[in-house]
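Atom set for the values below is all heavy atoms of this structure, side chains included, hydrogens, waters and symmetry mates excluded.
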Amino acid sequence: MYDQYLHAYEKLSLSTAGIVMGALLLVLHALALAKPQATKAMLNGLSTNEKAARGLLTLDFAWLFLLILDADWNPLCMNLFDFNNMRPYLLIACPIIWFVLYSRGKELLFPRALGFFLLLACIVPLTAAFLKDPVSRLLIPCWCYPVLTVALFWVGKPYLFRDWMEKYTASPRLYTISNAIGAVWGAAILLCAVCFW
């Protein structure tokens with residue numbers, strides 16, 4: 001009975017969230033280690049990649065729209081509590097803001113869109129891990145909170161993404177160590193999700 005009042009993220013099991021997150025981290029960082037030159041070239045070109053920026057921005061606002069839209073068929077609809085009366089206005093503002101950014105905000109749009117995407121994405125595993133047992137669930141928030149902090153910088157100061165990527169890709173040691181840590185962290189989350197969660 002209580003389940004009907006839970007948001008879709010709250011119904012997600014820690015195991016499922018861990019498997020998806022762990023597998024993504026492991027695969028992405030392993031690919032970065034396996035193909036460093038291609039990955040570095042892609043990272044350095046992303047800040048000015050207009051097609052990727054517009055695609056990711058569209059995904060962001062479609063996701064946000066579903067979080068706001070109150071419909072029986074929509075499991076992603078959030079309870080806005082004191083702001084529920086603002087829902088109709090937010091539904092109107094959402095596509096308008098998307099259109100303005102899509103058509104006018106071309107400069108360094110990708111870092112903003114990526115930061116926004118990470119803010120939306122991190123809340124999913126964080127909600128699944130909230131107050132759950134065992135303690136190893138802390139692998140999820142210990143990864144997500146630094147990512148959320150970086151995402152806020154990219155949304156507010158998108159030039160930092162470009163500058164950080166230039167420094168990051170210019171240092172082979174930093175690149176290798178950070179991706180190795182990411183792959184090991186992903187493997188640890190995946191192992192815990194399969195065996196313990």
Side-chain angles (χ1 to χ4, degrees), residues 1-21 23-25 28 46-132 137-138 140-165:
M1 189 71 177
Y2 174 70
D3 283 358
Q4 66 180 328
Y5 300 107
L6 296 176
H7 187 265
Y9 298 168
E10 295 172 304
K11 295 177 183 178
L12 188 65
S13 72
L14 178 58
S15 176
T16 303
I19 289 171
V20 173
M21 181 179 172
L24 278 174
L25 286 177
L28 290 175
L46 278 176
S47 58
T48 55
N49 190 325
E50 212 171 287
K51 287 185 178 179
R54 288 180 166 180
L56 191 54
L57 185 74
T58 302
L59 176 61
D60 291 343
F61 275 88
W63 193 342
L64 180 62
F65 190 83
L66 287 174
L67 290 173
I68 300 169
L69 181 65
D70 188 8
D72 292 337
W73 54 267
N74 180 20
L76 292 182
C77 177
M78 291 179 63
N79 187 346
L80 302 180
F81 298 101
D82 291 342
F83 299 97
N84 267 325
N85 59 339
M86 296 291 294
R87 196 183 297 274
Y89 305 107
L90 293 172
L91 288 171
I92 294 169
C94 193
I96 292 172
I97 295 170
W98 167 81
F99 178 76
V100 171
L101 289 173
Y102 188 92
S103 59
R104 301 294 179 189
K106 296 179 182 178
E107 189 174 357
L108 294 175
L109 181 60
F110 183 85
R112 293 185 193 276
L114 179 60
F116 190 20
F117 176 80
L118 291 172
L119 291 172
L120 289 167
C122 279
I123 195 64
V124 181
L126 281 174
T127 304
F130 185 65
L131 296 179
K132 300 277 180 68
R137 75 181 189 286
L138 294 176
I140 289 177
C142 285
W143 183 269
C144 287
Y145 284 125
V147 169
L148 288 170
T149 304
V150 170
L152 288 171
F153 278 103
W154 289 347
V155 171
K157 297 181 176 182
Y159 62 87
L160 290 175
F161 176 88
R162 178 196 59 208
D163 297 345
W164 290 351
M165 286 305 114

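- Considering every non-hydrogen atom in both Ala8 and Pro75, the closest pair reads CB-O, 3.3 Å.
- Residue pairs that meet the ring pair (Phe, Tyr, Trp, His ring centres under 6.0 Å) test with at least one member in residues 63-85, sequence neighbours left out, are Trp63-Phe117.
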- [ ] Go through the steps to decide whether Trp98 and Asp60 satisfy the test side-chain contact (heavy atoms from CB on, under 4.5 Å), and finish with yes or no.
- [x] CA-CA 9 Å; Trp98 167 81; Asp60 291 343; over 6 Å; no
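- The line from NZ of Lys157 to CG of Leu108 is 14.0 Å long, rounded to the nearest 0.5 Å.
- Separation of atoms CG (Leu69) and CE (Met78) is listed at 13.5 Å; rounding is to 0.5 Å.
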Open item on the list: Pair Thr149, Leu152 - check side-chain contact (heavy atoms from CB on, under 4.5 Å), show working.
Closed with: CA-CA 5 Å; Thr149 304; Leu152 288 171; 5.7 Å; no
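- Residues Leu46 and Met165 are not in side-chain contact: their nearest non-hydrogen atoms beyond the backbone lie 4.5 Å or more apart.
- Of all heavy-atom pairs spanning Leu148 and Leu118, the tightest one is CD2-O, 4.0 Å.
- Leu12 and Lys132 get closest at one heavy-atom pair: O-NZ, 3.9 Å.
- Expressed to the nearest 0.5 Å, how far CG of Leu109 lies from CZ of Arg104 amounts to 13.5 Å.
- How far OG of Ser47 is from CG of Leu114: 11.0 Å, rounded to the nearest 0.5 Å.
- The minimum heavy-atom distance between Ala128 and Ala17, with the atom names listed, is CB-CB, 3.6 Å.
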Task: side-chain contact (heavy atoms from CB on, under 4.5 Å) evaluation trace for Leu90 with Leu64 - done: CA-CA 10 Å; Leu90 293 172; Leu64 180 62; over 6 Å; no
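- Ala121 approaches Pro125 most closely through the heavy-atom pair O-CD, 3.1 Å.
- Looking only at side-chain heavy atoms (C-beta outward), Leu91 and Pro88 stay at 4.5 Å or farther from each other.
- Counting only residues at least two apart or on different chains, no salt bridge (charged side-chain N to carboxylate O under 4.0 Å, His left out) pair has a member in residues 61-84.
- Note that CG of Leu131 is 6.5 Å distant from CZ of Arg137, once rounded to the nearest 0.5 Å.
- The shortest non-hydrogen separation linking Thr58 to Tyr102 is OG1-CE1, 3.8 Å.
- Of the listed residues (Phe161, Phe116, Tyr159), just one forms a ring pair (Phe, Tyr, Trp, His ring centres under 6.0 Å) with Trp154, and that residue is Phe161.
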Task: Residues Leu76, Tyr9; criterion side-chain contact (heavy atoms from CB on, under 4.5 Å); working and verdict - done: CA-CA 8 Å; Leu76 292 182; Tyr9 298 168; 3.8 Å; yes
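- Residues forming a side chain to side chain donor-acceptor pair (under 3.5 Å) with Asn84 (at least two apart in sequence, or on another chain): Asn79, Arg87.
- Note that the CG atom of Leu56 and the CZ atom of Arg112 stand 13.5 Å from one another [nearest 0.5 Å].
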